[in-house]
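Worksheet for the structure shown next.
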Amino acid sequence: MPRETRRTSPAVNAPSSRTGWLIAALALVAVAIVIRLVYLQVIVASDYSEQAAASRTVSVELSPRRGTIYDRNGKVLASDVQATTIYCNPKEITDVSGTAKALAGVLGGDASLYEGSLSTENTTFAYVKRKVDQDKGEAVQELGLDGIYFLDDMKRVYPYGRVGGQILGLVDVDDNGQTGLELYYDDLLKGTPGKLVLQQGAYGVPIPGGTEVDEPAQDGQDIILSIDIDMQQYLEQRLEQGVEEIGGDDGSAVLYDAGSGDIIAIASTPLLDPSDRNNIEEGATSIKAITSQFEPGSIFKTASFCAMLEAGGITPQTTVECPVYLQADEYTVSDAHERGATTMTAAEVLAQSSNVGTSLLVQQHLGFSALYDKIRTYGLNDATGVDYPGEAEGYLTDVSTWSLIQSYNVTFGQGVSLSPLMITRFYGAVANGGVAYTPHFLTAKPTTGEDVSWDSEQIIQNTAAIEPLTEMLEGVVQNGTGKTAAVDGYVTAGKTGTAEYADDSGSYVKNMYNLDFVGFLPNSTTNLVCFVGVNHVPYERNTCAVFKDIMTEACNRYKIVQK
């Protein structure tokens with residue numbers, strides 16, 4: 001019987017299966033490549049484009065023109081002028097020492113000042129010096145130094161140097177306000193920076209003609225101030241001279257238009273020159289007449305007498321018996337000049353600046369609580385709202401905490417602190433029918449034409465008190481402690497002040513005082529009020545002569561006449 005033979009069929013499907021897997025794999029690779037191409041060319045194309053551009057460009061902030069500051073007569077006090085900013089590509093500089101010496105020869109300073117920028121690693125851009133004068137920038141260009149490049153820029157200049165420097169203040173290298181009105185009105189003045197793009201080739205070498213403005217800068221606004229720069233110059237000179245003559249450590253002066261609130265001139269020593277950043281004295285960067293407190297002394301008595309006259313408690317002829325001194329707990333109150341017990345009229349008390357008489361008149365005819373309320377009403381404890389950074393507020397404890405000695409002291413300006421500008425504003429109200437304006441510098445915004453207005457308030461409600469008070473202040477100059485303040489040809493009203501001051505331990509310094517005078521010219525064609533104060537001086541001196549000279553200059557300049 002024949003044996004059955006099994007035959008195996010050929011594997012016709014095997015090759016076909018392997019080919020399919022290969023095709024599938026290739027298809028997956030193709031899809032991945034397509035997806036990658038889509039990702040690179042569509043999804044992240046802009047990012048890579050920006051990175052590529054960034055590798056061959058450098059962005060530099062483009063300075064706007066900072067707004068010009070004018071005085072009340074249109075004279076330029078601060079402005080921007082063309083300047084040159086010098087930068088370098090450290091990768092191109094092979095002789096750091098030689099390049100630094102060449103730069104120092106034109107720009108000034110030691111060569112080491114420039115070596116740091118020239119040798120900066122891992123960058124193709126570093127500032128060498130910003131905002132140099134154009135002539136110096138041109139001189140550096142003529143040196144033909146490898147790796148040194150130049151940008152057009154703006155630089156802040158102050159045509160009057162230190163005159164008005166404290167008012168104007170300082171800006172930093174980026175033209176941001178740091179002090180004074182440059183700081184206070186920085187948002188108006190500074191504008192908006194733009195962006196300058198520098199294109200670079202290999203190794204960061206700038207491409208000629210490859211500079212373009214990506215975002216244009218927007219210039220700042222101009223402003224007009226109340227300041228008369230010529231009057232400011234005279235006030236500063238006379239103040240400095242007065243501080244030296246009187247022998248004080250420092251001083252302040254204010255010339256204020258009580259009819260508008262305009263500050264015509266104001267300064268404190270030492271002065272500031274914003275054009276000379278290398279020689280700034282301590283205390284020069286702010287106007288202490290605005291930013292510092294002091295105990296005003298007897299010029300504050302005018303507020304006490306105004307309060308009594310408003311209340312109807314006294315007249316200039318009201319008499320008071322004045323002992324040699326007043327006892328208050330373990331303390332005594334006495335007058336600056338030795339005298340015996342006497343009887344004085346209220347007018348004589350103010351003219352002779354009697355501490356004892358002032359204390360008793362307030363105690364007997366007004367009361368200390370009522371005085372406290374009037375001090376607050378007169379704005380002698382609050383900031384004035386002047387448009388200047390860092391204004392000081394007053395210091396006065398609540399009347400409920402006053403001891404008898406403090407009560408007496410406050411009546412004649414001790415134990416209370418305020419700024420010279422605050423007391424000047426109060427005297428301005430006396431000169432202006434009881435109305436006090438907010439002291440200010442800004443008067444106009446010519447760039448936009450916006451209106452600028454300032455608040456005023458009636459701080460002396462009973463205006464019947466003003467005439468007798470003014471006559472009493474005239475008596476201070478005619479017959480009292482302020483005789484040397486009289487301005488020739490004019491009736492002068494004002495008050496002298498002699499205030500003790502405390503040392504670092506809180507104790508009053510013996511035989512040294514802060515001296516001041518504040519006054520105005522009633523019945524004239526002006527509402528100008530002038531304050532002059534000199535600090536830390538020996539007694540038997542005063543600031544009356546400085547006041548007289550400043551007011552005389554103002555009378556001549558503004559053609560003020562007696563009515």
Side-chain angles (χ1 to χ4, degrees), residues 57-87 125 127-138 141 149-161 163-199 209-227 229 272-277 285 387-389 440-454:
T57 62
V58 172
S59 293
V60 180
E61 188 174 272
L62 188 62
S63 297
R65 182 191 70 82
R66 191 170 176 86
T68 300
I69 302 177
Y70 299 92
D71 87 335
R72 66 188 301 114
N73 299 311
K75 295 183 178 180
V76 175
L77 306 182
S79 66
D80 275 11
V81 297
Q82 292 294 323
T84 301
T85 282
I86 303 173
Y87 72 97
F125 180 95
Y127 286 115
V128 174
K129 192 167 184 177
R130 300 178 63 184
K131 302 179 184 296
V132 303
D133 293 338
Q134 277 192 304
D135 57 346
K136 290 188 176 182
E138 292 171 358
Q141 282 184 285
Y149 300 95
F150 308 86
L151 294 172
D152 291 334
D153 208 339
M154 305 295 291
K155 178 181 179 180
R156 200 67 165 166
V157 295
Y158 302 89
Y160 288 87
V163 179
Q166 289 172 326
I167 299 169
L168 300 171
L170 302 167
V171 297
D172 62 18
V173 70
D174 292 313
D175 269 357
N176 296 310
Q178 291 187 304
T179 67
L181 297 185
E182 292 278 27
L183 171 61
Y184 193 91
Y185 287 116
D186 191 48
D187 287 345
L188 283 178
L189 293 165
K190 68 181 178 182
T192 304
K195 187 170 71 173
L196 189 67
V197 178
L198 308 176
Q199 296 185 13
T211 300
E212 61 183 43
V213 176
D214 186 57
E215 297 176 9
Q218 298 178 15
D219 293 342
Q221 295 186 38
D222 300 340
I223 59 175
I224 298 175
L225 305 184
S226 59
I227 293 299
I229 197 64
L272 170 71
D273 185 349
S275 301
D276 184 3
R277 302 294 291 266
T285 57
D387 49 340
Y388 191 85
H440 59 265
F441 293 101
L442 182 66
T443 60
K445 301 177 183 178
T447 305
T448 61
E450 295 177 70
D451 291 334
V452 176
S453 61
W454 296 94

Problem - side chain to side chain donor-acceptor pair (under 3.5 Å) partners of Asn73, counting only residues at least two apart - result: none
Exercise for the section: Would you please classify the geometry between the Tyr388 ring and the Phe441 ring as parallel, tilted or perpendicular, with 30° and 60° separating the classes? Expected result: tilted
Problem - Heavy-atom side-chain proximity of Thr192 to Pro64 below 4.5 angstrom - result: no
Handout entry: Spacing of CD belonging to Gln221 relative to CD belonging to Glu450, to within rounding of 0.5 Å
Key = 6.0 Å
Problem - Min side-chain heavy-atom separation Leu442-Leu181 under 4.5 Å - result: no
Practice task
Report yes if the side chains of Tyr149 and Ile86 come closer than 4.5 Å at any heavy-atom pair, otherwise no.
Solution key: no
Handout entry: Asp175 vs Lys190, salt bridge (Lys or Arg N to Asp or Glu O under 4.0 Å): CA-CA, chis, key distance, verdict
Key = CA-CA 7 Å; Asp175 269 357; Lys190 68 181 178 182; over 6 Å; no
Exercise for the section: Taking the side chain as every heavy atom from C-beta outward, state whether Asp71 and Leu225 have any pair of such atoms under 4.5 Å apart. Expected result: no
Exercise for the section: Taking Asp80 for its side chain and Arg66 for its backbone only, find out whether a donor-acceptor pair lies under 3.5 Å. Expected result: yes
Problem - Pairwise side-chain contact, Lys136 with Thr84, heavy-atom cut-off 4.5 Å (strictly under) - result: no
Problem - Which atom of Arg130 lies closest to which atom of Thr85, heavy atoms considered - result: CA-OG1, 3.6 Å
Practice task
Could you tell me whether the side chain of Asp222 and the main chain of Thr68 form a donor-acceptor pair under 3.5 Å?
Solution key: yes
Practice task
Would you name the heavy atoms of Leu188 and Lys445 that are closest together and state the gap between them?
Solution key: CD1-CE, 3.9 Å
Exercise for the section: Give, for atom CG of Asp186 and atom CD of Gln178, the distance between the pair rounded to the nearest 0.5 Å. Expected result: 10.0 Å
Handout entry: Residue list, side chain to side chain contact (heavy atoms under 4.5 Å, CB included) with Tyr158, at least two apart or on another chain
Key = Ala78, Arg156, Leu168, Val171, Glu182, Pro274, Ser275
Exercise for the section: For atom CG of Asp135, decide whether the heavy atoms of other residues, nucleotides or ligands shown that lie under 6.0 angstrom number more than 12. Expected result: yes
Practice task
Compare every heavy atom of Val76 with every heavy atom of Tyr160, then report the nearest pair and how far apart it is.
Solution key: CE1-O, 3.4 Å
Completion exercise
Heavy atoms of Val452 and Thr443 approach each other most closely as CB-O, 3.6 Å
Fill in the blank from the handout: Rounded to the nearest 0.5 Å, the NZ atom of Lys131 sits from the CG atom of Asp153 at a distance of 4.0 Å
Practice task
Could you grab the distance from atom CD1 of Ile223 to atom OG1 of Thr448, nearest 0.5 Å is fine?
Solution key: 11.5 Å
